[in-house]
Protein chains: 2
Amino acid sequence: MENDAGHEIAEALGVLLKRTTRARLYQGLTDGLGEGVDELTYPVLSGLARSGPRSAAELAPEIGLDRSGVTRRATRLEEAGLVRREPDPDDARASLLVLTSRGEETVDVLRERLAGHINAALSDWEPQEVAVFARQLREFVMRGPFRAADEDDGTR
Amino acid sequence: MENDAGHEIAEALGVLLKRTTRARLYQGLTDGLGEGVDELTYPVLSGLARSGPRSAAELAPEIGLDRSGVTRRATRLEEAGLVRREPDPDDARASLLVLTSRGEETVDVLRERLAGHINAALSDWEPQEVAVFARQLREFVMRGPFRAADEDDGTR
DNA sequence: ACCACAGCGTGCGCCGCGCACGCAAATCTG
DNA sequence: CAGATTTGCGTGCGCGGCGCACGCTGTGGT
């Protein structure tokens with residue numbers, strides 16, 4: 001069945017995921033950004049930048065990890081000075097993860113690098129083609145079949 | 001920068017990768033297919049189905065793993081009766097990984113399930129929209145910024 | 001005031017991976 | 001043809017990340 005788009009998408013995703021498993025996001029994406037930040041800690045940074053200060057437990061399902069995993073990664077970022085732990089003003093036992101100024105700078109750099117690599121790879125596409133693809137991919141990811149089991153619908 | 005497609009794609013990929021890290025491909029994708037097959041061994045099956053019998057070392061860069069990792073996964077599949085090791089007729093020290101009939105059936109089932117889930121998720125898209133997206137995604141994966149460091153160009 | 005409960009961080013065990021070693025076969029060299 | 005080097009495979013070892021379960025502290029209800 002050659003013209004079955006589902007198979008084609010599945011195949012492409014398979015290759016993509018295998019690659020990103022190893023060369024996680026991009027070779028040397030986090031070079032020169034200090035010790036704490038790597039492919040593992042980046043999702044924490046990105047999540048915090050997207051949603052503002054949050055607790056580790058609240059961040060966990062979004063990253064697809066246990067709370068303990070987020071705690072460890074956040075600790076690494078804390079030691080690197082990119083994340084700060086603040087007591088939740090509403091709940092003294094909860095501690096909020098907050099990006100420091102250096103953390104915000106770092107995530108900005110990472111985002112810029114990522115977008116740059118992607119735009120460069122798509123430089124020979126038609127601009128409207130790229131725009132369409134971006135919207136479709138976003139839609140596919142949001143409504144597609146890859147939703148985690150215990151994930152809220154993103155409306156916050 | 002709202003209309004920068006690079007950022008939008010990067011964001012979507014980030015969410016996708018985080019999700020697929022945990023709920024690897026699809027919840028319950030490998031249910032009822034026996035003990036040996038899971039999200040880890042699937043790439044081996046898929047790779048063998050795509051390229052025919054190959055050695056573990058030859059398969060490794062495509063999966064993004066060390067040879068030893070492929071060996072272990074293949075061993076698991078072998079124990080489950082989905083993969084058979086055959087001595088390479090041209091080289092007695094090399095052993096080729098070959099899908100058994102059950103292995104082929106299994107990978108067919110998996111492919112069908114994956115394509116089914118994807119098509120279902122995209123059921124409210126225009127058919128030509130889906131086709132365009134599939135081609136673009138394939139193009140993006142093949143020529144995009146996520147190539148592994150030591151990977152051939154796919155032309156075989 | 002007491003008591004179940006919620007939230008966090010951490011020790012423990014598991015699992016997968018990369019590295020390096022040993023063995024067997026092939027290829028090279030004289 | 002014989003010895004030496006290279007190639008390819010599988011496996012033992014150590015490392016690192018993860019999930020689970022525990023203990024501790026604070027919260028809310030009765």
Side-chain angles (χ1 to χ4, degrees), chain A residues 17-25 27 30 35-44 48 53-80 83-98 148-151, chain B residues 17-25 27 30 35-44 48 53-80 83-98 148-151:
Chain A
L17 295 182
K18 288 164 200 163
R19 284 187 187 155
T20 51
T21 298
R22 190 91 308 272
R24 292 282 175 137
L25 281 177
Q27 186 93 9
T30 61
E35 280 297 323
V37 52
D38 57 7
E39 321 83 20
L40 289 182
T41 52
Y42 173 62
V44 178
L48 289 177
R54 302 177 73 179
S55 75
E58 207 172 357
L59 208 52
E62 184 176 329
I63 299 181
L65 239 63
D66 192 61
R67 299 189 314 274
S68 62
V70 180
T71 294
R72 294 180 215 280
R73 297 189 183 188
T75 301
R76 219 178 299 179
L77 289 171
E78 190 182 18
E79 291 169 353
V83 159
R84 183 178 67 245
R85 286 179 201 267
E86 273 187 12
D88 189 329
D90 300 339
D91 191 336
R93 46 197 176 155
S95 70
L96 263 48
L97 301 174
V98 189
D150 51 350
E151 186 176 1
Chain B
L17 295 182
K18 288 163 199 163
R19 284 185 189 158
T20 51
T21 298
R22 191 91 305 273
R24 291 282 174 136
L25 281 176
Q27 186 91 10
T30 61
E35 280 297 322
V37 52
D38 56 7
E39 321 83 20
L40 289 182
T41 52
Y42 173 62
V44 178
L48 289 177
R54 302 177 73 180
S55 75
E58 207 173 357
L59 208 53
E62 184 175 329
I63 300 181
L65 239 64
D66 192 62
R67 299 189 311 276
S68 62
V70 179
T71 294
R72 294 179 215 280
R73 296 189 183 187
T75 301
R76 219 178 298 179
L77 289 170
E78 192 182 17
E79 291 169 351
V83 159
R84 182 178 68 246
R85 287 179 202 265
E86 273 188 11
D88 188 328
D90 299 338
D91 191 336
R93 50 200 173 150
S95 70
L96 263 49
L97 302 174
V98 190
D150 52 349
E151 186 176 1

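The structure displayed is predicted, hence computed values, not measured ones.
- Of all the heavy atoms in Val98(A) and Pro53(A), the pair that sits closest is CG2-CB, 4.0 Å.
- Look at Thr71(B) and you'll find a side-chain N or O under 4.0 angstrom from OP1 or OP2 of dG10(D).
- One interatomic measurement links the two molecules: CG of Asp66(B) to P of dC15(D), which rounds to 17 Å at whole-angstrom precision.
- Here the CG atom belonging to Leu96(B) is positioned 10.5 Å from the CG atom belonging to Leu59(B), to the nearest 0.5 angstrom.
- Judged by distance alone, with hydrogens and angles left aside, the side-chain atoms of Thr41(A) form no donor-acceptor pair with the main-chain N or O of Leu77(A) at under 3.5 Å.
- Residue Arg72(A) has its side chain nearest to dC12(C) when only dT11(D), dC12(C), dG17(D) are considered.
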Under 3.5 Å between N/O atoms: give me all the protein pairs with nucleotides 2-8 of chain D, atom names plus distance.
| residue | atom | partner | partner atom | Å |
| --- | --- | --- | --- | --- |
| dT7(D) | O2 | Arg93(B) | NH1 | 2.1 |

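- Taking atom CD of residue Glu79(A) and atom P of nucleotide dG9(C), one finds them 13 Å apart after rounding to whole Å.
- The CD-P distance, from Glu39(A) to dG17(D), rounds to 10 Å in whole Å.
- Protein atom CD1 of Ile63(A) is 13 Å distant from nucleotide atom C1' of dC18(D), rounded to whole Å.
- Put simply, CG on Asp38(B) is 15 Å from C1' on dC14(C), counting in whole angstrom units.
- Here Glu78(B) contributes atom CD and Arg85(B) contributes atom CZ; the two are 4.5 Å apart, rounded to the nearest 0.5 Å.
- Proximity of Arg73(A) to Pro43(A): side-chain heavy atoms (C-beta onward) are separated by under 4.5 Å at one or more points.
- Between Leu97(A) atom CG and dG9(C) atom P there is a gap of 7 Å when expressed in whole angstrom units.
- Relative to the side chain of Leu65(B), the nucleotides dG9(C), dC20(D), dG18(C) differ in distance, and dG18(C) lies closest.
- Within the 4.5 Å cutoff, the side chain of Arg54(A) has heavy atoms near those of the Glu62(A) side chain.
- As rounded to whole Å, 18 Å separates atom C1' of dC8(C) from atom CZ of Arg73(A).
- Here the nucleotide nearest the side chain of Ala92(A), chosen from dT27(D), dT11(D), dA26(C), is dT27(D).
- A donor N or O paired with an acceptor N or O is found under 3.5 Å between the base of dC19(C) and the side-chain atoms of Ser68(B).
- Across the protein-nucleic acid pair, Leu40(B) atom CG and dC14(C) atom C1' stand 14 Å apart, rounded to whole Å.
- Arg85(A) has no side-chain polar atom (N or O) that falls below the 4.0 Å cut-off from OP1 or OP2 of dC8(C).
- With values rounded to the nearest 0.5 angstrom, Arg84(B) atom CZ is found 11.0 Å from Leu48(B) atom CG.
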